[in-house]
Amino acid sequence: MDVLAWLQPWEFSPALVLVFVVSAWLFVRGRRVHRVGAVRQSLFWIGWVMLYLSMHTQLDYYAERMFFIHRLQHLVLHHLGPLLIMGAYPGQVMRAGLPLAWRARLAAARRTSGPVRVLEALATHRFLVPFLFLMMVLVWLEPTVQFYSMLDWRLYRFMNWAVVITGFMYWNLILDRRPHPPAAVSPGGRIFSPIFTMVPQMIAGAVIVFTEHDIYPVFDLCGRALPNFGVLDDQIIGGLIMWVPAGLIETFGLLVALGTLMRLSSRNRLPQPKRRPSRRPVGAA
């Protein structure tokens with residue numbers, strides 16, 4: 001396949017192009033203010049490119065017509081792409097890329113605007129975010145939901161946007177290197193969260209692998225992009241992608257969180273347990 005033809009979007013999305021252009025512009029501008037090392041820059045751009053290729057090229061055509069390619073797409077959108085970008089810690093850099101007047105308005109809104117503060121609290125909630133992250137895997141795997149989401153382009157786009165946004169929200173919490181507070185989740189909670197989200201995904205992947213009938217006939221209805229690929233082979237590989245690579249990425253997040261806990265402990269930056277005041281016995285001198 002011609003490379004330029006493959007890079008053309010299967011379904012052009014102006015909103016998606018705008019998001020990618022603005023994010024790149026903010027990061028480039030922010031580098032002029034904050035020093036960003038080569039590793040962080042590489043993580044950001046690799047994740048940025050992976051997300052774009054997964055959402056706005058001919059790969060989207062194959063993801064709509066092969067289950068295992070669809071699972072590969074969501075592995076990038078939900079796990080790997082957001083993990084790489086948030087591993088670059090781009091928040092402060094991209095805020096610095098905003099024009100000065102916009103930065104002032106954003107800071108004022110975060111201090112005084114009730115809706116903005118509520119939205120920020122929800123986007124960093126220690127229980128809600130991992131739950132949404134997990135649900136964005138399991139809900140779209142339900143055969144009926146999967147059927148309609150692959151046939152309705154509006155629901156299909158909502159699905160992809162939802163998995164990307166919850167991926168960013170989740171890895172923003174897990175990769176936070178600060179103590180709690182100001183971090184939204186405690187260092188111990190950042191270790192537990194990947195276990196909570198990883199195990200159900202691996203179980204769902206195992207169920208798909210060992211199911212001996214076609215769970216997702218919608219891919220036959222749409223017309224499989226690789227007709228010589230067996231239905232069950234497609235299903236087994238898709239389940240294995242959920243079972244193994246997704247589990248490894250979650251394990252990597254757990255190890256990063258464990259490293260953060262050990263680093264904070266070595267620097268005595270973990271909250272110290274409160275000691276109860278000792279009570280002197282009655283009549284003691």
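Ser23 and Trp48 are linked by a side-chain donor-acceptor pair at a separation below 3.5 angstrom, with hydrogens and angles left out of the test. A donor atom on one side chain and an acceptor atom on the other are found under 3.5 Å apart for Asp60 and Tyr156.
Note on ring orientation: taking the six-membered ring where Trp is involved, the planes of Phe229 and Phe68 are parallel (angle under 30°, cut-offs 30° and 60°). Taking the six-membered ring where the residue is Trp, Phe133 and His78 present parallel rings, their angle staying beneath 30° rather than reaching 60°. The aromatic rings of Tyr216 and Phe67 lie parallel to each other, their planes meeting at an angle below 30°, with 60° marking the opposite boundary. Classification of the Phe44-Phe27 ring pair by plane angle, with boundaries at 30° and 60°, yields parallel.
Here CZ of Arg177 is found 4.0 Å from CZ of Arg263. Values are rounded to the nearest 0.5 Å.
Of the possible donor and acceptor atoms, one in the side chain of Arg103 sits under 3.5 Å from a partner among the backbone N and O of Ala96. With hydrogens and angles disregarded, no donor-acceptor distance shorter than 3.5 Å links the side chain of Tyr62 to the backbone of Leu226. Between the side chain of Ser42 and the backbone N or O of Ala38, at least one donor-acceptor pair lies under 3.5 Å. Checking side-chain atoms of Gln41 against main-chain N and O of Val36 turns up a donor-acceptor pair under 3.5 Å. Gln58 places a side-chain N or O within donor-acceptor distance of the main-chain N or O of Gln8, the cut-off being under 3.5 Å.
Contact check for Arg117 versus Glu120: no side-chain heavy atoms found under the 4.5 Å cut-off. Between Phe12 and Val17, the closest side-chain pair of non-hydrogen atoms falls below 4.5 Å.
In this structure, Gln92 places its CD atom where only 12 or fewer heavy-atom neighbours from other residues, nucleotides or ligands lie under 6.0 Å away.
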